[in-house]
Amino acid sequence: MNLVREAFLYQNRFNAQTIVFKIEYPVTEAAGFPYLMKDIGLLAKSGIRVVIVPGAAEYIDVVLANHKRSSAFVQGERRTVHDEIPYVEMAAFHAATRFITGLSAAHVDALIGNFVRARGRGVVNGIDMENTGSVDKIFTQALTRILDFGMVPILPCIGWSPTGKPYNVSSNEIAVAVSAALGAIKLVIVTAGGAFTANDFTAPDSVEYSEDGRILHLSPEEAALVLHMNEGGGGAPVATNQILISRKPPATIKERSLEALRLALEVSKAGVERVHIVNGWEEGVILSELFSNFGAGTMVYADEYEAIRGIRTSDIPDMLRLMEPLMQKGILRRRNAEDIQKKKDDFVVFVIDGTVHGCAALHRWGEGQAEIAALVAGPAYSERGIGRRLVRYLIEKAKRAAMRRVFVLTVSTQDWFETLGFSEAAVETLPDAKRKHYDYQRKSKIFALSLAPLRLD
Ligand SMILES: CC(C)(COP(=O)(O)OP(=O)(O)OC[C@H]1O[C@@H](n2cnc3c(N)ncnc32)[C@H](O)[C@@H]1OP(=O)(O)O)[C@@H](O)C(=O)NCCC(=O)NCCS
């Protein structure tokens, strides 16, 4: 039931938004590829604007090898010479056609198109890169029109100059450019590499894992550290704005995952707030990643993913949804929307990825005392530090308001408050205004914490 609820919440948020998928070529050969396309088709049909950027590097190598050729790489970048561009085009369009086939089976209209204007890379390290290009411009208007029709545009790794000269452009670079140009809310990288698990990757201590040991999410700084810790290079970590996507197909599964992480960083620098890396060999991975709180992959987020903030009127229904079961059990005092609205400035919410998952209030009662009340950490994230962080936040707020003591009335969480430094206190210690309201039938216990005066230097 919770899963269904989560899915609805996310579905509402994604409706009419653009999500770009960069899908690596080996994934198109996986047995589960038709199911992956069905899932992407479902997203397109449900009103999400879907764009696909197929990777083709491995297939370009196959086609070239079939014609007894192979590419040279200059600084990690494929050099496509004049007489090889027809093979590269063939491979790029073949890779794109696989998506047309998959989406046809899902009854979704799709279109492979010339949405990228390219310019030649010119001469790199004294070597003429010939038909290797980079993105000059994304034809946003054309893409928007196609998306407005509910169709899925597919962008092969080819771009054309204004005079119609074809260039081989890295699909990673296209994924970055198209995500930024369309203001996508997400880029999903469907990688042929493995998941980011605690077993396979070292990560900084701040990183949070799922129960099965997968890294849940990374800030850009953490992502840069993961790259540094797993690439085997010594020295200082590379600044997030210096990481460049390499273009050569990675040799190992681990390298593939790191390559995806590098791409994720590049895209988050370009202003895309969420980049998800999912394992293309795992069935159902896209829907689980997008529509459940703990996902199925690893997310790199550019904006603030978790935050405690003051409440907005629109948060009140979500807060009441969290409080209701506890009010029914008598753990929390009953409050309605009006009660919360009246004391709006006292409340804060804990928001994860735009959804309210916790709340609490700090009510001032005079005599330098404030009460922590209505504290809830939602079941989806229970025992993950939300409760503790809300209490600490309110303690800081109380200190800033020059309070000398905070207290809480509780019937079931005395041990928990003790672990946060609170100790039991008598009813007589409550400020007068509060003591008048104390319910002697309910017999709540009082736990209090003395606050050291805040130094204002
Ligand atoms: C109490 C509550 C806010 C804790 O929030 P949370 O985010 O789940 O908890 P945290 O992650 O901050 O802390 C988890 C730790 O507290 C412990 N804990 C949780 N509830 C506890 C309780 N009722 N009594 C004692 N310990 C408790 C957990 O075992 C865990 O211990 P660990 O860190 O040693 O593993 C949450 O359980 C809740 O919403 N409870 C119902 C509402 C309520 O009682 N509010 C307080 C009245 S104002």
Side-chain angles (χ1 to χ4, degrees), residues 2 5-6 198 205-211 213 216-217 293-294 305-309 311 315-336 339-340 343 346-353 355-365 369-398 403 405-427 429-431 433-435 437-449 451:
N2 276 343
R5 206 169 281 139
E6 285 169 25
D205 291 342
S206 58
V207 160
E208 200 184 336
Y209 294 92
S210 65
E211 274 171 9
L216 287 171
H217 39 73
N293 287 333
F294 291 110
Y305 176 64
E306 290 186 350
I308 297 177
R309 59 160 172 78
I311 68 163
D315 295 325
I316 296 177
D318 291 336
M319 294 164 65
L320 287 169
R321 186 174 44 80
L322 291 177
M323 286 182 199
E324 185 54 40
L326 299 160
M327 294 194 290
Q328 274 178 23
K329 285 188 199 151
I331 293 175
L332 291 189
R333 188 167 65 73
R334 189 151 280 285
R335 289 175 180 80
N336 60 25
D339 301 328
I340 299 177
K343 303 237 167 194
D346 289 3
F347 283 88
V348 291
V349 279
F350 195 105
V351 178
I352 301 178
D353 201 10
T355 303
V356 172
H357 284 285
C359 64
L362 185 78
H363 302 307
R364 292 199 225 167
W365 286 99
Q369 296 206 52
E371 176 189 8
I372 291 178
L375 170 67
V376 188
Y381 287 88
S382 80
E383 302 200 359
R384 284 172 170 264
I386 292 184
R388 216 167 6 220
R389 281 151 77 186
L390 280 166
V391 170
R392 285 196 188 129
Y393 183 91
L394 293 182
I395 291 173
E396 287 310 308
K397 191 175 172 189
M403 297 287 111
R405 189 172 185 252
V406 284
F407 65 89
V408 59
L409 268 61
T410 175
V411 286
S412 63
T413 33
Q414 54 269 33
D415 295 338
W416 187 74
F417 279 105
E418 263 180 349
T419 64
L420 294 173
F422 286 66
S423 43
E424 192 164 358
V427 181
T429 63
L430 292 177
K434 178 72 193 177
R435 202 168 54 234
H437 289 95
Y438 183 79
D439 182 345
Y440 284 89
Q441 302 287 314
R442 193 169 148 86
K443 290 200 180 77
S444 305
K445 290 198 184 252
I446 298 155
F447 275 77
L449 179 76
L451 306 177

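Start at 1 with the first residue, then count along the sequence. In listed order, ligands and their atoms are each counted from 1.
Interface atoms of ligand 1 facing Arg384, defined by a heavy-atom separation under 4.0 Å, are 11 (O). Less than 4.0 angstrom separates some heavy atom of Ile386 from each of these atoms of ligand 1: 7 (O). Atom numbering of ligand 1 starts at 1 in the shown order; those under 4.0 Å from a heavy atom of Gly387 are 5 (O), 6 (P), 7 (O), 12 (O). Taking every heavy atom of Ala377 and a limit of under 4.0 angstrom, the matching atoms of ligand 1 come to 5 (O), 6 (P), 7 (O), 8 (O), 38 (C), 39 (O). Those atoms of ligand 1 that come under 4.0 Å of a heavy atom in Ile331, given as number and element, are 43 (C), 44 (O). Using a 4.0 Å cut-off to heavy atoms of Asp415, the atoms of ligand 1 that qualify are 25 (C).
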Taking it one step at a time, do Leu320 and Ile340 satisfy side chain to side chain contact (heavy atoms under 4.5 Å, CB included)?
CA-CA 9 Å; Leu320 287 169; Ile340 299 177; 3.8 Å; yes
Applying side chain to side chain contact (heavy atoms under 4.5 Å, CB included), run through Phe447 and Thr413 and close with a yes or a no.
CA-CA 10 Å; Phe447 275 77; Thr413 33; over 6 Å; no
Carefully, step by step, assess Ile372 and Leu362 under the rule side chain to side chain contact (heavy atoms under 4.5 Å, CB included).
CA-CA 5 Å; Ile372 291 178; Leu362 185 78; 3.9 Å; yes
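In Ile372, neither the side chain nor the backbone holds a heavy atom less than 4.0 Å from any atom of ligand 1. Under 4.0 angstrom from ligand 1, there are no non-hydrogen atoms of Arg389.
Taking distance alone, with nitrogen or oxygen atoms compared against 3.5 Å, Ser382 stays at or beyond that limit from ligand 1. By the 3.5 Å distance cut-off applied to N or O atoms, Trp416 is counted among the residues near ligand 1.
Here atom 48 (S) of ligand 1 lies nearest to Val408 when heavy atoms of Val408, Val376, Leu326, Thr410 are compared. Distances from atom 42 (C) of ligand 1 to the heavy atoms of Leu375, Leu332, Val391, Val411 put Leu375 nearest.
The presence of a protein heavy atom under 4.0 Å from atom 7 (O) of ligand 1 is confirmed. For atom 23 (N) of ligand 1, a protein heavy-atom neighbour is present inside the 4.0 Å cut-off. Atom 37 (O) of ligand 1 lies below 4.0 Å from none of the non-hydrogen atoms of the protein. Checking atom 32 (P) of ligand 1 against the protein gives no heavy-atom contact under 4.0 Å. In this structure, atom 40 (N) of ligand 1 is not in close contact with the protein, since no protein heavy atom lies within 4.0 Å of it. Distances from atom 2 (C) of ligand 1 to the protein include no heavy-atom value under 4.0 Å.
Look at Ala373 and you'll find every heavy atom at least 4.0 Å from all atoms of ligand 1.
Between His437 and Trp365, the ring planes are tilted. Angles from 30° to 60° get that label.
Listed here is the closest heavy atom pair of Leu409 and Ser444: CB-CB, 4.0 Å. Closest of all the heavy-atom pairs between Leu375 and Leu332 is O-CD2, 4.1 Å.
Between Arg392 and Lys397, every side-chain heavy-atom pair lies at or beyond the 4.5 Å cut-off. Between Leu326 and Val376, some side-chain heavy-atom pair lies under the 4.5 Å cut-off.
Counting only distance, with no hydrogens or angles, the side chain of Arg405 and the backbone of Gln369 share no donor-acceptor pair below 3.5 Å. Looking only at distances, a side-chain donor or acceptor of Arg442 sits under 3.5 Å from a matching main-chain atom of Gly330.
Protein heavy atom nearest atom 10 (P) of ligand 1, with residue, atom name and distance: Gly385 N, 3.7 Å. When only non-hydrogen protein atoms are considered, atom 35 (O) of ligand 1 lies nearest to Glu383 OE1, 4.8 Å. The protein heavy-atom contact nearest to atom 47 (C) of ligand 1 is Thr413 OG1, 3.9 Å. The protein heavy atom nearest to atom 12 (O) of ligand 1 is Arg388 N, 2.9 Å.
For residues 407-417, no residue pair satisfies the salt bridge (Lys or Arg N to Asp or Glu O under 4.0 Å) rule, not counting sequence neighbours.
Atom NZ of Lys445 sits in a sparse spot, with 12 or fewer heavy atoms from other residues, nucleotides or ligands closer than 6.0 Å.
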For residues 417-424, tabulate all N or O donor-acceptor pairs below 3.5 Å that involve a side-chain atom, not counting sequence neighbours.
residue : atom : partner : partner atom : Å
Thr419  : OG1  : Trp416  : O            : 2.5

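For the pair Asp315 and Arg309, the salt-bridge criterion is met [side-chain N within less than 4.0 Å of a carboxylate O].
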